[in-house]
Undergrad: 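Just dropping this structure here.
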Amino acid sequence: MPSSAENPRQIAILNRGPSQPYFWTSRLSRVESQQRAEELRDLIRHHNAAYHLNDSPEIPDAEYDALVRELTQIEAEHPELITPDSPTQEVGGPVSVLFAPVEHSVRMMSLDNVFSDEELLGWSQRVQRGLDLSEDAPPITFMVELKIDGVACSLRYEKGELVQAATRGNGRVGEDITANVRGIAAIPHSIGPAAPDVLEVRGEVYLPVSTFDALNESQEAAGLPRYANPRNTAAGSLRQKDAAVTAGRGLAFWSYQLGQIEGGPDLSTQSEALDWLGELGFPVNPERKVVNGIEQVTELTDAWLANRHDLDYDIDGAVVKVNSLARQRSLGSTSKAPRWAIAVKFPPEERTTKLLDIQVSIGRTGKATPFAVLEPVFVGGSTVQMATLHNDDQVRLKDVRPGDTVTVRKAGDVIPEVLGPVLSDRDPASEPWLFPTHCPVCSHELVRPETEAHTFCVNPLCPAQQQARLEYFAGRGAMDIDGFGERTVRTFVAEGLISDIGDIYFIDWDRASELEGFGEITIENLKRSIEATKERPLASLLVGLGVRHLGPSAAEVLSSHFGHIDRIVEASADEIAAIDGVGPKIASVVAEYFQSDVSKVLLEKFRAAGLNLKGPEVIDIPKTLEGKAVVVTGGLEGFSRTGAADAIKARGGKSPGSVSKKTFAVVLGNEPGASKLNKAEELGIPMIDEAAFVQLLETGELPT
Ligand code: IVH
């Protein structure tokens, strides 16, 4: 089992004890609230990138939702802490540079979530109040739809022809995926002469579960790793550089919303809009219903929750929309989501099963992670046989014992979790499980440092660590050696062809080609993939070393600061810790690592093999805004909200969330915030537009 939580952010969340609720009421002081809000924003941004950019979420949806809810709650209690770049003020995540940007003519909004009947009722009451209906007004009807767990997509038709398809991106700007979408059979290329001049159809691209299962079967047959779940596979398949790959994946589409429309029939309700889309030839999910009161919504969602796995696509809840389009317009939207719609999220699924055993896996850093071996159980859309137990403390806290019946939860289809034992089923003779004292692989003693929550195998020659280090080095986050996966590593290690990551560049290919399963083509491909890694950026090599805590962002900082691996080797822990963006913890492990004999041997192998050991040319951005605070309010054309703040900070400035007398200038974008505008006016702070902002970044001066 891979150690799934090597990432410290992930550990911070996953190590939540079983007694802590999913989200909690914040009763923090203002300073604590500010610190926690910043921490949450960083975490949420990190997980946004993992989900939207890398199609590879690290935590279950429910955990992500809990982070957003906690931040929203802090911001509701302390509105002065809201920053314009807070994830609560923005939709989705960063936009990849792989695809051309597409500006949405009508913003692609997100949805607010509710998790209980009470919260749903609260939303319907807000709708009721927001509409301020007269006594004789017709009652509110709602359209209830399934919430498809796929990738939001906007399709633009002009004069009946599909001209553009885009992802949601940050809601204002998405990615141009037209070529890829043309390969999805369910999406019409042409909708006939009766179509309106302009029609934007929004919906969800998804991968049918049956197609996903078939894809995984062929992956397995080819000895390749299985895909995690249909949503991530759909996202990855859609955002391929090669449109032919997308076309071969069997993606499908459900339409659920109109974007821009010019011409077309008079539509007065969401249900009419969906019926009309169906008539035009768009796939519209048949599982939809107009209801007269919010009570009926719960009946529908309960039934869908019970039968969700009967469908050939994943759903993660229901979406309730005010049916009347006039009422939708009158309710309007917040900066992020419409007030007229709400997502009713399904609770994470739970099942009970037998805990057959608790074993310990050894990761690349030697970390010993206990995991549960379970009697296979179908939960959260797939069969679970293993679940991480994180560390010794977690096992003790949960007091799960081999032989117990345990409750397993799989939220968001990502990481299964053992919640705890069913005590009534426990064998009275059972004993608490004890963490092993010795490594299950190399029998070396296991050590738990005093300040650590984890236990480690400290034998650098432990075969499990070697295997994990080699896989990590060759993995996508590091040197990305195509075809050099778990099986190849295992075989090559077993055959004595490699033992450390430096050996990858000195493989005896004649011997390798004698091995079963390594024909001429496989060997040639492997050689080519390995050769290609010699040009990889220094940061990828640094990540690939597998040093604990040294992740991609610290590796980037080190490689551009020092410019060559030899400079890093020479640097002391203090020198490294003094660099902005590197904490003292990373600094001390990096310095210690480069003093070790193991690292010296590796470095000589890399040098002899001709690997790139140089960092990028350092572009020194002039510090034009040193000490100046520039507040940005409203949307800018050329910058995302975080992008604008980053540009200010990169030039030595600050980008606070509110205007004060110390503010140097306020940049006004589209729909600027009224409070910032008023404050700037009151204090006489210069207000500038985007063009002047660009000039300000360059020169540090305001236009005269
Ligand atoms: S309506 C302005 N309807 O859920 C409202 N969204 O978590 C736009 N989704 O971004 C969305 N099924 O990707 C709507 N029946 C449905 C949906 C749906 C899935 C997705 C969509 C949206 C996300 C919000």
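Whatever order the structure lists them in is the order used to number ligands and atoms, beginning at 1. Just the heavy atoms: all of them, side chains too, but no hydrogens, waters or symmetry mates, feed the values below.
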Undergrad: If we only consider heavy atoms of A343, is any one of them less than 4.0 Å away from an atom in ligand 1?
TA: no
Undergrad: Identify the two heavy atoms, one from P196 and one from G263, that lie closest to each other, and give their separation to 0.1 Å.
TA: CB-C, 3.6 Å
Undergrad: If you count the atoms of ligand 1 from 1 in the order shown, which ones are under 4.0 Å from a heavy atom of E204?
TA: 9 (N), 13 (O), 19 (C), 20 (C), 21 (C)
Undergrad: Give the atoms of ligand 1, by number and element, whose distance to some non-hydrogen atom of M109 is under 4.0 Å.
TA: 2 (C), 10 (O)
Undergrad: Of all heavy-atom pairs between F212 and Y227, which one has the smallest distance, and what is that distance?
TA: CZ-O, 3.4 Å
Undergrad: Which pair of non-hydrogen atoms, one from A234 and one from V151, has the smallest distance, and what is that distance?
TA: C-CG2, 4.2 Å
Undergrad: With a 4.0 Å cut-off on N to O distance, would you call R41 and E39 a salt bridge?
TA: no
Undergrad: What is the minimum heavy-atom distance between G174 and H104, and which atoms define it?
TA: N-NE2, 3.5 Å
Undergrad: When you measure from atom 12 (N) of ligand 1 to every protein heavy atom, which one gives the shortest distance, and what is it?
TA: I148 N, 3.0 Å
Undergrad: Any idea which of K336, M108, K147 brings a heavy atom closest to atom 4 (O) of ligand 1?
TA: K147
Undergrad: Could you check E145, R288, K147, E204 and say which one makes a side chain to side chain donor-acceptor pair (under 3.5 Å) with Y256?
TA: E204
Undergrad: Any idea which atoms of ligand 1 are less than 4.0 Å away from a heavy-atom of A152?
TA: 13 (O)
Undergrad: Please confirm whether R202 approaches ligand 1 to less than 4.0 Å, judged on its heavy atoms.
TA: no
Undergrad: Are N113 and ligand 1 in contact, using a heavy-atom cut-off of under 4.0 Å?
TA: no
Undergrad: Looking at M109 and R168, what are the two nearest heavy atoms and their distance?
TA: O-NH1, 3.6 Å
Undergrad: What I want to know is whether P338 and ligand 1 share at least one N or O pair that is separated by under 3.5 angstrom.
TA: no
Undergrad: Give me the residue, atom name and distance of the protein heavy atom closest to atom 18 (C) of ligand 1.
TA: Y256 CZ, 3.4 Å
Undergrad: What residue and heavy atom of the protein are closest to atom 3 (N) of ligand 1, and at what distance?
TA: K321 NZ, 3.0 Å
Undergrad: Assess the side chains of T178 and Q164: does a donor N or O sit below 3.5 Å from an acceptor N or O?
TA: no
Undergrad: Answer with side chain, backbone, both or neither: which part of V319 has a heavy atom less than 4.0 angstrom from an atom of ligand 1?
TA: side chain
Undergrad: Hey, would you say the W123 and F142 ring centroids sit under 6.0 Å apart?
TA: yes
Undergrad: Are any of the N or O atoms of S110 closer than 3.5 Å to those of ligand 1?
TA: no
Undergrad: Would you kindly specify which portion of V151 sits under 4.0 Å from ligand 1, judged on non-hydrogen atoms: side chain, backbone, both or neither?
TA: neither
Undergrad: Evaluating non-hydrogen atoms only, which member of Q257, Q328, R168, K345 is closest to atom 22 (C) of ligand 1?
TA: R168
Undergrad: Check the side chains of Q73 and E75 for a donor-acceptor pair under 3.5 angstrom, ignoring hydrogens and angles.
TA: no
Undergrad: Give me the nearest non-hydrogen protein atom to atom 15 (N) of ligand 1 as residue plus atom name, then the distance to 0.1 Å.
TA: E145 OE1, 2.9 Å
